[in-house]
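We count ligands from 1, going down the list as the structure has it; atoms in each ligand are counted the same way.
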Amino acid sequence: MKGLLLKSGLKSFDFREVLSGKVPNEMRIWFQNKELVRRISETAALCTPSEIRLCDGSIEEYESLCRDLVSKGVFIPLNPERRPGSYLCRSDPADVARVEEATFICSKNKEDAGPTNNWQDPAEMNKTLDRLFAGCMKGRILYVIPFCMGPLASPFSIIGVQITDSPYVVCSMKIMTNMGTAALEKLGPEGRFIPCIHSVGKPLQEGEKDVPWPSNAIQKYIVHFPEERKVRSFGSGYGGNALLGKKSVALRIASVIGKEEGWLAEHMLIIGVTNPEGRKKYIAAAFPSQCGKTNLALLSSKLPGWKVECVGDDIAWIRPGKDGRLHALNPEAGFFGVAPGTSYASNPYAMETIAKNTIFTNVALTGDKDVWWEGMTKEIPSPLIDWTGDLYNPASGKPAAQSNARFTVSKMQCPILDPASNDPRGVPLSAILFGGRRSSTIPLVYQSCSWEEGVFLGASVSSETTAAATGVVGKVRHDPFAMLPFCGYNMGDYFAHWLEIGKRIKNPPPVFYVNWFRKNAEGRFIWPGFGDNIRVLKWIFEREEGVSNYTETSIGLVPSKDALDLSGIATEVDVNALFSISSEDWKKEEKEIESYFALFGKKLPEALANRLEELKLRLAKS
Ligand code: TSX
Ligand code: MN
C-alpha cells in the first residue's frame, strides 16, 4: 500500500503514513474506530485500488461525483428546465436486476438458511470470494461509505460501512441512506457496524479504457454472512445487488438481528391514513413484486376527506412497544422505484417526487432530454432513444425503457411524506395487510380472526407472474410475507418468530388480505384499483375501530353488503364477483398451500399446520 493516495474532501494524504499514526486533525473521525480502519486496510490490501476516497456524504461531494460521471459519459444530464438536477444512467444490458440465483445466505449450518435460500459453507465461500476480490479494484477508486439505516436519532438504526469501486453506488447510497460523517459520528470509536464489501468485478489494466457500466459478465455473487453480520457482493452494479444498505442490510441481515432481538425486518410499505374527522391510523403492507406497492405507498385518495401519507414504500422495521402495540420504522431515506407504469394517472405523487434531483437508470431519453418509459403517457414521444442508447423504433415490439428501469430519489421530495417518516420511534400500527396478484379465487379484501390466522395469511401469500418479471404469464408463485428473496434465515423459523411476536404484545393489530387484481369471466379487472383502493382502506380503518360491517365466511371476514363505500365511484363494480368464494377454487387453493408448506418440513410451526386444518374443515362444511 506504499504511496496509496487517500482522499477526503479536497485534501490528499498518503494512506500508509496516516495509518502509521499521522492522522490529520480533520480526519480523526475516520480513524477512531479500530475495526473500521482494519476493514479499510484489509480491503485495500486485497482489492489493490489506485486510490481510497472517504465519503463524507456532503452535497458538494455528491455533485462533484455527478460531474465526474457526466464528464466520463456515464451520467447524461437531463434538461435543467424539465428535470433539474437529474441524470440518466444506462447499465450493461446483462446487469439489469437482482440475481437471486447468485444470492447466498452463508450461515454455519445449512439448516439455518432454510429451504428457500441458496447456501454455501461460509469458509468455502470466503475462499471463493477472496480469489475473486484479489486485485479486483485495480485502476479504480475504492470509496468508503459510512451509512445509517434508520433516522440518525433512532436507537433502533443500524450502521453499515459499504466499500465499493462504483461511484454510481456512492451517489445512490447518498440518496437512499443517511450517509457520511453523521453516520460515523453515530458509530463512534467503539460502535459496531455491518461491513459491506462491494466490487463491480472489473479491474482495469494499465492504459485500459473504462466502459460506462463496468460489471462482471461471468461471476456474480451477492453473499450474506448472518453470524458474522457481513455482506460481500461481487460482479454487479445494479440495485439490490450493489446498494447494500437496502435488501442486504435492512432486510436480510436485519431480519437475523430482529429474530435475536425480538423484532421484525419486513418487506413492507408504511402509510398513514386519515379519516374526515382527522383520526389517523398507520398501516403496513407486504406485496410480492408487480403488485403496485409504490402506488399504494403514495396513494392519491378518491374519497373526499380521506387522506393517505407515506412513511415508507419498501421496508418496515417493526417492534413491540411499551404500549403493547407494534411500532414500524422506515429505515430508508429514499425511493428506488420501478419507473415503467408510473404516470400522472397511476401515481401522481410519485411523478411529483421525481420531478427533480433524481437518478434514472435504464429509462428512455426524449428529444428534449427528458425521460420516458412505457405507461408514462399514451403517446410515445418521437424521437426517442431507448435504454440501450439506440434510436427507438416502436415497430420493433421491444420496450423503450427496460422493464426493471428505476428512479432513485430522496423521500424528502415526496409531497405526501408523512410527518412521522423520520420519527426515531416509528409509528404505531393499526393494521397489517398482505396481498398478491390473483385473477381468481381471492376476494378484494378479507380479515383474519386472530394473529395466528394473520400469520397464516402472510405465510400463504402468492402472486401470479406477469410478463415483466418472468416472461411466463399467470403462473401462481408462493412468496410468503413477500420475503422469499429477502429472509436471511430459515423461513420456517421466521414463521415461528412472527407467531412469537404476537404472543408478546397485548394488542396485536388486525391482519387483512387484499387482491386488487381479480378478473371477471370476460378476463377484465373487476376492481378499478389505484385511488379507489382508499375504499378498501376505509373498511379496514373502520374494522379496526369495530364499526364497519362484516360477514363471516369460511376464509375470514369480508365486508357485508353495502359495507364497502362505493359512493361516487366512476365505474360500475360487480360486488358479487369481487367477493364470491368458490369452494371449488378454495379446495384447490388449500391443496396448493398444503403442498407448499410441506417444503418447510419439521420447521413449519404447528400453529400454521393447525390453521390450515381448520380452513380445510370450514371449507368442507361450506
Ligand atoms: O398498482 C396498482 N394498483 C395499486 C394501486 C394503489 N396496479 C398496477 C400494478 C402494476 C405494478 C393496478 N393494476 C391496480 C392497483 O390497484 N389494479 C390494477 C388492474 C387495473 C388496471 C387498469 C384498470 C383497472 C384495474 N382500469 C383501466 O385501465 C381504465
Ligand atoms: Mn421491494
Check your understanding: Quick one: do Arg98 and Glu100 make a salt bridge, cutoff under 4.0 Å?
Key -> yes

Practice item. Give the residue and atom name of whichever protein heavy atom lies nearest to atom 7 (N) of ligand 1, and the separation in Å to one decimal. Key: Phe530 CZ, 3.2 Å

Practice item. Kindly say whether the aromatic ring centers of Phe407 and Phe360 come within a distance under 6.0 Å. Key: no

Study note, to complete from the structure: Checking heavy-atom distances from atom 19 (C) of ligand 1 to each of Trp516, Phe525, Phe287, the winner is Phe525

Revision key, fill the gap. the protein heavy atom lying closest to atom 11 (C) of ligand 1 turns out to be Gly292 N, 3.6 Å

Check your understanding: Of the options Lys411, Lys280, Lys281, Lys307, which is the one that meets Asp418 in a salt bridge (charged side-chain N to carboxylate O under 4.0 Å, His left out)?
Key -> Lys280

Study note, to complete from the structure: The protein heavy atom nearest to atom 18 (C) of ligand 1 is Phe517 CE2, 3.6 Å

Check your understanding: Given the protein's heavy atoms, is any one of them under 4.0 Å from atom 1 (O) of ligand 1?
Key -> yes

Practice item. Record the part of Leu299 in heavy-atom contact with ligand 1 below 4.0 Å; permitted values are side chain, backbone, both and neither. Key: side chain

Point to revise | Rounded distance (nearest 0.5 Å) linking atom CD1 of Ile257 with atom OH of Tyr489 | key: 12.0 Å

Check your understanding: Looking at Arg279 and Glu545, does any basic side-chain N land under 4.0 Å from a carboxylate oxygen?
Key -> yes

Point to revise | Backbone or side-chain N/O/S of Lys247 under 2.8 Å of the Mn ion (ligand 2) | key: yes

Practice item. May I ask you to say whether Arg438 pairs ionically with Glu589, meaning some side-chain N is under 4.0 Å from a carboxylate O? Key: yes

Exercise for review: Using the side-chain contact (heavy atoms from CB on, under 4.5 Å) rule, pick out the option among Trp317, Phe434, Phe287 that qualifies with Met268.
Suggested key: Phe434

Check your understanding: Which N, O or S atom name in His267 marks its closest approach to the Mn ion (ligand 2)?
Key -> NE2

Practice item. Taking only Lys NZ, Arg NE, NH1 and NH2, and the carboxylate oxygens of Asp or Glu, determine whether Lys398 and Asp386 approach each other closer than 4.0 Å. Key: no

Review point. Using a heavy-atom cut-off of under 4.0 Å, does the side chain or the backbone of Asn533 touch ligand 1, or both, or neither?
Key: side chain

Point to revise | Selection from Gly341, Ala570, Gly529, Pro528 by shortest heavy-atom distance to atom 24 (C) of ligand 1 | key: Pro528

Check your understanding: Can you name the N/O/S atom of Asp314 that is nearest the Mn ion (ligand 2)?
Key -> OD1

Check your understanding: Can the ring centres of Phe481 and Tyr494 be said to be less than 6.0 Å apart?
Key -> yes

Point to revise | Carboxylate-amine/guanidinium proximity below 4.0 Å for Asp314 and Lys246 | key: yes

Check your understanding: Is Lys247 close enough and on-axis enough to Phe486, meaning under 6.0 Å and within 45°, for cation-pi?
Key -> yes

Review point. Could an N or O of ligand 1 be found under 3.5 Å from any N or O of Gln290, whether backbone or side chain?
Key: no

**Study point:** Min heavy-atom dist Arg437 to ligand 1 below 4.0 Å
**Key:** yes

Review point. Heavy-atom distance from atom 27 (C) of ligand 1 to the protein below 4.0 Å?
Key: no

Point to revise | 4.0 Å protein heavy-atom contact status of atom 16 (O) of ligand 1, strictly under | key: yes

Exercise for review: Could you list the atoms of ligand 1 found under 4.0 angstrom from a heavy atom of Leu296?
Suggested key: 6 (C)

**Study point:** For atom 25 (C) of ligand 1, closest protein heavy-atom neighbour
**Key:** Trp527 O, 3.5 Å

